[in-house]
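Below, read A as the first sequence line, B as the second, and so on, with proteins coming before strands; counting in each chain starts at 1.
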There are 2 protein chains.
Amino acid sequence: MVTMSTSHPESPKKYHHGNLRDTLITAALPILESHGPDKISLREVARTVNVSPNAPYKHFPTKEDFLAALASKGFQQLEMLLAPAKNLSAGCETYITFAVHNPHLYQLMFSPILATNCESSELEQASTAAYKTLLKHFNTHNPNDPRALHAWALIHGIATLRINGLLSHPVPFEQIAKAPLFMTDQLK
Amino acid sequence: MVTMSTSHPESPKKYHHGNLRDTLITAALPILESHGPDKISLREVARTVNVSPNAPYKHFPTKEDFLAALASKGFQQLEMLLAPAKNLSAGCETYITFAVHNPHLYQLMFSPILATNCESSELEQASTAAYKTLLKHFNTHNPNDPRALHAWALIHGIATLRINGLLSHPVPFEQIAKAPLFMTDQLK
DNA sequence: GATGTGATGTTGACATTGTCACCATTCACT
DNA sequence: AGTGAATGGTGACAATGTCAACATCACATC
C-alpha cells in the first residue's frame, strides 16, 4: 500500500491529488500502449486523471523524464516476470512474450531516450536490475559475457522484429534459437 | 538523371520547384539523423528547402507517409551497401555498421510505422529487396528459414543494442556471434 | 494562339502540444 | 497563528500537423 495523505480516499475533490506521480504513470501505460511512444501526450494523460495540463510538471521536469519513468516501470514489470522463470527457455519465452504483449512500452524502454538525456537514475537502476535477472538465466554474472550478449541480442532482435510484424507468426522462438549452427560455422 | 522540367536549373526562383519530392527526402535525411524520428518536423524540412509549410503535402498525404519514404530510402541505401559484401561476416559487419552510422534512420526503418499505416508499397518493396539481399549472404532464399531468421534477429539485436549504447564498445560483432553454443546446448 | 485543366506551391487558419511565468491551496513545522 | 515548501491551477506562447481556399504554371485540345 502506498502511504496516502488522507484517510478517506473517496473524498470528492481535493486540491492536492495526494499521489499524482504514481497515478499519472499507471494512467499513462494504457495510453502509451494505444497511441505509441511518439504520439502520447502529457496533456492527455493529465486530462484522464482530471488534473490541469501542467500538474505533471510538478513531478517531472520534462515530458521525456516522464517517458523515462514509464520505461522504468516497464523494466520493473519485466524484471518481476523474469525472476520466477524456471529455465533458460522459459526466461526467453517470458522476455519475448512481454515485448509482444507490450510493444509500445518495450519500444519506449529501448528508445534512445534511455541512452541520451534524462538524469533519471531510476531508469538506469531498473534496467540494470532487469538485465541482472536476465543474466541469471544466462548462467553468468558478467554483463559483457559474449554468450550473454549473444543471447540477449538474439531475443531482443526476435522481439523487435516480431513487434514490427516482420516475423511470420508460426515461427516460434525455440525453432529460431536452435538453428544458429551455420552462423557459428561460417564465421570459422 | 531525373527529368527536369526546365533546361536551366539555375533559374533564380520558380513557382514550381520541379523536383520537390526527392529534394525533400534528401534534405530530410540529415535532419532526421540530427533530431531523431520523433522530433523531425515536416515544416522544418520544408523550411530548409525554401518552400511553404504545406508544399510537402502535395507529395505526401501525411507526415507518416513522408517518414515511410525516408525509411524506403534507408532500405535502398542498405541494400546497395549489402549487395557487394563478399561473405557472411562482411555482410553482417556492413549491416551493423550501417545501423550504427545512421542510428535514427535505422530506428525509423524498424519503427511500427512500417507495420501499421501508410499505403506506401514502396516501403514494402524496398525492405523486402534489402532482406532478399541479406538472405543471399545467409545462403538461403527462404525468407522464413530459421537459420536466416536467427542470423537476422541476432545482427538486428546487436545493432539496436549498440545504437542505444547498451553494448560496451569493445565487444565486436564476431566475438558475440561466435559464442552461441551454450544457447543451442541448453535448449537441448 | 487562346483556353482550361490538373499538378504543384502558397497563404491563412485551427486545434493540439510542450513548456514557461505566475497565482492558489494545503501541509508540516515553528 | 504563521511561514514556507510542495503541489496544483490559469493563462500565454511558439511550434506543429493538417485543412481549405487561392495562385501559378505546364501542357493538351480546340
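Taking atom CG on B:Leu20 and atom P on D:dC25, their separation rounds to 16 Å, with Å as the unit. Distance CD1 (A:Ile40) to C1' (C:dT16): 15 Å, rounded to an integer number of Å. Between the CZ atom of A:Arg47 and the P atom of D:dG8 there is a distance of 18 Å, rounded to whole Å. Distance B:Phe66 CZ to D:dT16 P: 14 Å, rounded to the nearest Å. In this structure, the CG atom of B:Asn50 is 12 Å from the P atom of C:dT11, given to the nearest Å. Between the NZ atom of B:Lys39 and the P atom of D:dA15 there is a distance of 16 Å, rounded to whole Å. Between A:Asp38 atom CG and C:dT17 atom P there is a gap of 14 Å when expressed in whole angstrom units. Between the P atom of C:dG12 and the OH atom of B:Tyr57 lies a distance of 18 Å, rounded to the nearest Å.
The side chain of B:Arg43 contributes no N or O atom lying less than 4.0 Å from OP1 or OP2 of D:dA14. Put simply, B:His59 has a side-chain N or O that comes within less than 4.0 Å of OP1 or OP2 on C:dG9. For C:dT16, neither phosphate oxygen OP1 nor OP2 lies less than 4.0 angstrom from any side-chain nitrogen or oxygen of A:Ser41. A close approach under 4.0 Å does not occur between any side-chain nitrogen or oxygen of A:Thr62 and OP1 or OP2 of C:dG18.
A donor atom on one side chain and an acceptor atom on the other are found under 3.5 Å apart for B:Trp152 and B:Tyr95.
A:Phe98 and A:Met80 fall into different hydrophobic clusters, defined by Ile, Leu, Val, Met, Phe, Trp and Tyr side-chain heavy atoms under 4.5 Å apart, directly or through other members.
Screening A:Leu32, A:Val51, A:Leu70, A:Ile31 for a side-chain contact (heavy atoms from CB on, under 4.5 Å) involving A:Val45 leaves a single residue, A:Ile31.
You'll find that the side chain of A:Lys63 is closest to C:dG18, out of C:dG18, C:dT10, C:dC22. The side chain of B:Lys58 sits closest to C:dT10 out of D:dG8, D:dG17, C:dT10. The side chain of B:Leu42 has D:dG17 as its nearest neighbour among D:dG17, C:dT11, D:dG8.
Atom NZ of B:Lys63 has more than 12 heavy atoms from other residues, nucleotides or ligands within 6.0 Å.
As judged by a 4.0 angstrom heavy-atom cut-off over every strand, B:Ala55 is placed among the base-contacting residues. Note on B:Arg21: nothing from the nucleic acid sits closer than 4.0 angstrom, heavy atoms only.
Using the six-membered ring where Trp is involved, B:Tyr106 and B:His156 have ring planes that are tilted, between 30° and 60° apart.
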